[in-house]
Structures are given as structure tokens and as C-alpha cells.
Amino acid sequence: MFTIGRASISIPTTSPMIATQKSSKRLGNLLVERGHLSLEQLQSALEFQRERGRGKLLGEILVDLEFCSEDQVIEALAEEYHVPYAKLEARLQDTKVLEAIPRDYIERNLVLPLFCVRDTLTVAVTEPANLFLIEELKCLTGKQVQIVATSPKDIRRMFTTLPDSKVFVIDDIIDDSQQADVTLIETEIEDIGDIEEVAGQSPVIRLVNYVIYQAVKEGASDIHVEPADRCLRIRFRIDGRLYKALEIPSRLLGAMTSRIKIMAGMDISERRLPQDGRVHVMLDGRKVDLRVSTFPGSRGEKTVIRVLDTRNVSLNLRDLGFSEDVLNLFQQSITAPNGIVLVTGPTGSGKSTTLYAAINEIVSMENNVCTVEDPIEYHLPMINQFQVQEKVGLTFSKALRTLLRQDPDVIMVGEVRDEETARTAIQAALTGHLVFSTLHTNDAPSAITRLINMGVEPYLIGAAMNMILAQRLIRRVCPKCKQEYQPPRPLRKAIENMGFEMDGFYKGAGCRRCRNTGYSGRLGVHEIVVVTDELRDAIVAGKSVVELRCIGLSQGMITLRQDGFRKVREGLTTIEEVVQIAGEMVGYGGEKRE
């Protein structure tokens, strides 16, 4: 045990060997031998890795499934690769050693320089097997590097408290025993000066930090701060559903709203008009974007915070829930030399994520990929992303017209909102560009009539359109408490009447991991229409959406309901989730075959 500043580091004295001498024991076996993991849990984690964990390490999956803790996994890895295991505590006060490695590199790779003795720099890492990282550190620092293994949460706790003028560092999280501090604010708030003063007081700051921390920790996509009759209610949207997080005294509304406005750079004196803002926070060693919207109501201002956490978003098409045949058709369309690919669905159905994943699939040094977005949700490497600025006249259509003079190969338009944008996108497709965009429609064939209603001529749509993908998001069955069950007989009968055969049905029993809901995470359900010559002729002829849908079905169009029931058959979701998006089965009545 020795101390650097106030950072206590415990390093075992046994086996201080370098990481290149790999042990023959595998991580799972080591954890089983140590009693941290059962054979059944190991088998379940390996099965999860094969089915859904592409690109994820076994240790990450074990932690995600709550079979093991981060410390147990890292300690086993340290033994496997013969490196010391370090337990970091408190805060690192000597910040000079941090100058050896750029701050953004530290945050991106989860490494932390601890101390330097002569020309040897000791660095804490979370991946002791990553030899490339060690070589990078040697080249970056010009020193010999000795590594110790430590858990990601220890590294995050150490460097999230370091000063960073560009972001808010959420490092003062209140726990259950400290929530009573919030009640110290008991004075009435009379004017704007009082609100600003109270909003800067420590209890309110801790309260806002706690709410944001809990939301990100639980994987929430939105935070709702809404005044009720007798309290201030805070709800999180998790996997598409709102859950009550906590209730606090209503007198804190003004102070809490003002604190959020201050963070987002909004006007705290304006309480009569809606406002929008944006803020970056540092949480667990990574930057999380928050988009803030306030709206005055009868009981006071309601605040909604959209959480954009890239850790919870996969930009790999195979991780988004695509069935194999749908994925093959979609990949063929996104590699076409020109044309339009549309992704449709309601707000919050994952359209933008699908387009980001599609672009990520085809981007390369040989092509120029440009996007026009409002707002830019995720920053991607090797892609030119442009933000719409409607206040200064830079609309989607104007930005798109300008972008065509930037020699693009692939263009992504965040959303087709009007006739001018639609026409410009179609002209871009007809002049040799591949165009991606989104549209708000309930199904894939309706996208054609939506464009026609905007004022675009049918012959232009028929000439430019390649493919339309409609999608929804449904909740996954929790893998930790998944079990087989028998749904009500009327529901099984309705499924049979629709022409689907099911061998078994699965649902989650409810556990701590899924908040006793039986669901954990979401996946996509898709409907895909490939525009064939026959369908182009029907579009030009002005056929109705019903006729277009019949033509698509005759050519093998995969519908939302078909794709949903396939996922039920595979045990990925429940029949109730598919019923919610299918609609035709409500009441379990009538026959519906496709």
C-alpha cells in the first residue's frame, strides 16, 4: 500500500509480470474458480454473447447481466495476464502527472497515469490484454510504460473530478441518506434574483446532479420534471415507457428549473415562453449531451431533458434487431450508387439511429458522406455533418442545395419536412447521389402518398425511390429473468387465425435488472418495401396506398406484423409488445391473413 497525493493504491506483490505472458486460464473459468460466477451463469453469458453481444467482451456482458462486479472481472483479468491489480481510492491531487497524456485520450481509452519514476510511467488501464494500447502509450509519452489493472469505475471516479471548463462535472451525487438536505430550502421565492441565488445553492445542485446521474445510470432517454398538484414529479422514460423516479416538494420547482436553465445557457428571467437549450455534462468519465426544453403550464414550467448517451446506442446494423432477410435487402439498398432510401415511423422509433448505422456501414476514405441535421445527435468520424440554423435562414432545403456544390457521394437529410426539401432530395438522387432521409408515416407504402401530398410529382418519386423501411421499437424480454409461459387462449387463437405458428412463448418474470418489468432494452421491428419496376409503374399511375400495399405484398414485402411475430417466435419479445404496434389484433377478434 502506498499513496500518491490522496490516491491510495493497493497493489499485490505477487506475480508482477508483464502483460505479454498470458495465462492459459480463461476469464470465465477464473471467475468460476474464485466463486464469483456459477457455471449456469457463465453458459448464459456465453449464449448471450453469441446471440446479441457481437463486439462485446465477455467481461462487459457479465457486468451488464449483473453476474459479476467490475472489480471481480478486472481482478481476474489481472491474474490472467499477470499484471498487478490496483484499487484506486479518493481523488488524485497531483495533476502534473496527467500532463503526460492528453485529456481526451485519457477519457476515450479509460487510462490514468498514476506516477512517474525516472523514465517509467505507471498507468492504470482497464484492458490489460490490449498490447496496442500499451505501445500507443509508449509512443505518446516517450517513456517506458508499466501498467496496472483497475476497474473503469475507479478511473472514472478519479478523473471526473478534474477541472474541465467546457462541461459540467457531475461528481457530487447525493445518496438516499443525503436527500434530506434538499428540504433545507424552505423560503418562498419572490423574484428572479432570489431564484438565481437559490439555484446556485449546494442542495439544489446536488438534486439536479442526482436526477441526471440516476437517469443516465438507468438508461433513460428522457427526464420529465413536471409540476403536479401537491408535489414536483420527476419521471424517466426507459425503453419507451415513463416511470416515476421520485417526488419532491413543489416549492423547489423554481429553483430546480432555474438550475437546469443556467446549465443549458437559457434565460432564467423568461418564464412565460417556451425555451430550448443544450448542455454537455461529464458523467462517469464520458461526455453526455442533454437537450433541454421548457414549456410554461398552468402549474408552472415543465422541463423535459433528452439524454443523448452514445454508450447506449449501437451504430452496428446487426445490433438494431434486423431479421436476416430484412438486413440483406436493406444492405443492398444502402450500397446502391444513387437513389433515395427512406426510413419512416413515428417520433422516437429509432429512425435516426438506423440512418447513422447505415452511414457507418458504408463510410470510407473513398467517398464523401455529408449530412444535414437538426440537431446533430451523434458525431461520427469521417463524415461531414452540418447543422440546420433556421433562425438565420439555413433551412433543410437551402442547406441541401448548398451541399450539392460540396461534391458529395452520399447525403443524409435529417427529415423531409416540406415540398422544397423533398424536391431537392429527389433531384439529388436523380443526378447520381445516394440520399438517405426520414419521414413520419405509419407504414412503408404510405411514404409514397405522403410525398405526393406534399406536391411532388409521382413520376419523380417513381424514378428516384429505391427502398422504404418502416420501423418501430419494441421492448426485449429481459435475458436474466426470461421464462416460458402460455398466453391466454383467445390470444393464441387470434395468432393462429392470422397464419402464424408458435412453438413457445416467453416473457420476463421480473427482476432487479429490469425493474420488475420483465423487459430490458429495445429492438427494431421492420417493414421493408423494395421499389421494383412494377411498383414504379403503379406509383407513376397514381395508385392508392392500398393498391401499392397489395403490389408490395404480392412481391414478398415483409410487414411490421410478420417481423414482430418472428421475433416472438425467437423469444426476443412478447406477443403483447407486437400487439401494441400491429393494431389489428386488439380485442383478439377477426381473422387477418397475409
Side-chain angles (χ1 to χ4, degrees), residues 1-5 7-23 25-28 30-31 36 55-64 68-92 94-162 282-287 311:
M1 170 80 73
F2 55 96
T3 302
I4 305 168
S8 300
I9 305 176
S10 304
I11 301 182
T13 57
T14 58
S15 302
M17 301 172 66
I18 61 174
T20 54
Q21 297 180 359
K22 182 179 176 180
S23 170
K25 294 183 178 180
R26 298 179 64 85
L27 173 63
L30 280 170
L31 290 168
H36 300 319
K56 266 198 168 186
L57 300 174
L58 177 61
E60 294 176 314
I61 292 174
L62 291 173
V63 173
D64 288 345
C68 296
S69 67
E70 281 187 347
D71 289 321
Q72 291 168 344
V73 170
I74 295 298
E75 193 170 357
L77 283 173
E79 179 181 331
E80 182 177 359
Y81 292 99
H82 300 290
V83 300
Y85 168 70
K87 179 66 178 173
L88 308 184
E89 299 174 356
R91 298 183 181 182
L92 188 67
D94 184 6
T95 58
K96 292 182 179 179
V97 71
L98 291 168
E99 298 174 1
I101 302 176
R103 177 68 184 270
D104 60 342
Y105 187 91
I106 291 175
E107 295 174 5
R108 188 170 63 252
N109 294 281
L110 279 184
V111 300
L112 187 70
L114 299 178
F115 56 88
C116 186
V117 178
R118 297 186 178 88
D119 287 331
T120 301
L121 179 68
T122 299
V123 182
V125 301
T126 60
E127 297 182 36
N130 192 340
L131 298 180
F132 296 105
L133 178 64
I134 299 170
E135 291 302 319
E136 275 188 359
L137 288 170
K138 289 180 180 178
C139 296
L140 196 63
T141 62
K143 301 178 183 297
Q144 292 297 316
V145 172
Q146 176 179 327
I147 66 168
V148 296
T150 192
S151 68
K153 67 179 180 182
D154 278 0
I155 290 185
R156 288 166 183 149
R157 184 171 62 247
M158 297 285 279
F159 69 69
T160 51
T161 57
L162 298 175
M282 182 69 75
L283 184 60
D284 283 343
R286 68 184 189 281
K287 291 179 182 177
R311 184 187 65 172

Quick one: pull up SG in Cys139 and CD1 in Ile134 and give me the separation to the nearest 0.5 Å. 12.0 Å
Donor-acceptor under 3.5 Å (Thr120 side chain, Gln144 main chain): no
Nearest heavy atoms of Leu31 and Ala76, plus distance in Å: CD2-CB, 3.8 Å
Between Cys116 and Lys143, which heavy-atom pair has the shortest distance, and what is it? SG-CD, 3.8 Å
Between OG1 on residue Thr150 and CD on residue Glu75, distance to nearest 0.5 Å: 10.5 Å
Which atom names give the shortest non-hydrogen contact between Ser151 and Thr126, and what distance separates them? C-CG2, 4.0 Å
Euclidean distance, Leu30 CG relative to Gln72 CD, rounded to 0.5 Å: 12.5 Å
Let me know which of Leu112, Thr122, Val123 forms a side-chain contact (heavy atoms from CB on, under 4.5 Å) with Val148. Thr122
Does Leu77 form a side chain to side chain contact (heavy atoms under 4.5 Å, CB included) with Tyr85? I'd like the steps, not just the answer. CA-CA 9 Å; Leu77 283 173; Tyr85 168 70; over 6 Å; no
Closest non-hydrogen contact found for Leu58 with Gly28 is CD2-N, 4.2 Å
Does the side chain of Leu137 come within less than 4.5 Å of Pro113's, by heavy atoms? no
Enter the distance from Gln146:CD to Phe115:CZ here, rounded to the nearest 0.5 Å. 6.5 Å
